[in-house]
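Please read the structure below before turning to the comments.
The analysis underlying the following values was restricted to heavy atoms, covering all of them including side chains, and did not include hydrogens, waters or symmetry mates. In this text the structure is predicted, and so the values were computed from the model without any measurement.
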Amino acid sequence: MTSRFSNNKDYYGGALMVIIGLAAAWASTSYRLGTLARMGPGLFPCAVGILLALTGVVIAATARSKSSGAADALPDHAHGLPDLRGAACIVLGTVAFVFVGEYFGLLPATFAIVFISALGDRSNTVLQAFLLAAAMMIVATIVFWWALQLQLPLYKWGN
């Protein structure tokens with residue numbers, strides 16, 4: 001008799017994320033947490049650990065048993081060489097963020113990393129990547145420049 005969760009990578013991956021997240025949150029309690037205005041060394045690891053655990057719960061809760069024909073439903077490229085487009089776009093987006101952030105500021109760097117990384121997903125169109133990057137520029141302005149007062153200018157020209 002097989003259980004509902006047998007051989008389901010999502011369930012086990014989610015459970016592992018919960019364990020690691022709770023361990024990180026628990027380990028961070030040995031440091032001072034502080035407040036959002038004056039963050040202590042334990043606040044960030046605690047927040048990331050809790051978010052990781054919550055994400056793991058969602059992944060494990062939505063895990064479904066796969067049918068025996070799941071391998072037949074894979075795209076054609078999954079049977080041969082790996083598709084490196086996504087990985088290449090993420091690496092190139094990160095490199096672009098560093099370069100563009102250094103010479104042009106936060107908003108162009110945010111646009112570059114999101115736009116290039118979004119193109120790594122074959123289901124995204126150029127328009128969708130553009131709209132996502134534009135929306136993330138607004139989020140970056142609110143979160144990093146206004147709320148956290150990050151010392152990176154929104155725009156700059158040159159060094």
Residue pair [X] / [Y]: nearest heavy atoms and the distance that separates them:
X: Ile116; Y: Gly93; value: CG2-N, 3.6 Å
X: Val100; Y: Ala109; value: CG1-N, 3.4 Å
X: Leu107; Y: Tyr155; value: CD1-OH, 3.4 Å
X: Ala15; Y: Ala60; value: N-CB, 4.3 Å

Side-chain atoms of residues 26-34: list all donor-acceptor pairs with protein atoms under 3.5 Å, sequence neighbours left out, distances to 0.1 Å.
unit_1 : atom_1 : unit_2 : atom_2 : d
Ser28  : OG     : Ala25  : O      : 2.7
Thr29  : OG1    : Trp26  : O      : 2.5
Ser30  : OG     : Ala27  : O      : 3.0

Residue pair Ile20 / Met17, side-chain heavy-atom distance below 4.5 Å
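No; the side chains remain at least 4.5 Å from each other.
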
Handout entry: 4.5 Å side-chain heavy-atom contact, Phe115 and Leu119
Key =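 Side chain of Phe115 against side chain of Leu119, heavy atoms only: contact under 4.5 Å found.
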
Do [X] and [Y] sit in the same hydrophobic cluster, where Ile, Leu, Val, Met, Phe, Trp and Tyr count as joined when their side-chain heavy atoms come under 4.5 Å apart?
X: Trp145; Y: Leu152; answer: yes
X: Leu148; Y: Ile113; answer: yes
X: Val114; Y: Leu154; answer: yes
X: Leu132; Y: Val143; answer: yes
X: Val91; Y: Phe97; answer: no

[X] side-chain N/O to [Y] backbone N/O, donor-acceptor pair under 3.5 Å:
X: Lys156; Y: Leu106; value: no
X: Thr62; Y: Ile59; value: yes
X: Gln149; Y: Ala147; value: no

| How are the rings of Tyr103 and Phe99 set relative to one another: parallel (under 30°), tilted (30 to 60°) or perpendicular (over 60°)? |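 Plane angle between 30° and 60°, so tilted.
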
| field | Ile90 CD1 to Leu84 CG distance, which is reported to the nearest 0.5 Å | value |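 Rounded to the nearest 0.5 Å, the CD1-CG separation comes out at 11.5 Å.
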
Worksheet item: Can you tell me how far CZ of Arg85 sits from CG of Leu92, rounded to the nearest 0.5 angstrom?
Response: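 Reported value, rounded in 0.5 Å steps: 12.0 Å.
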
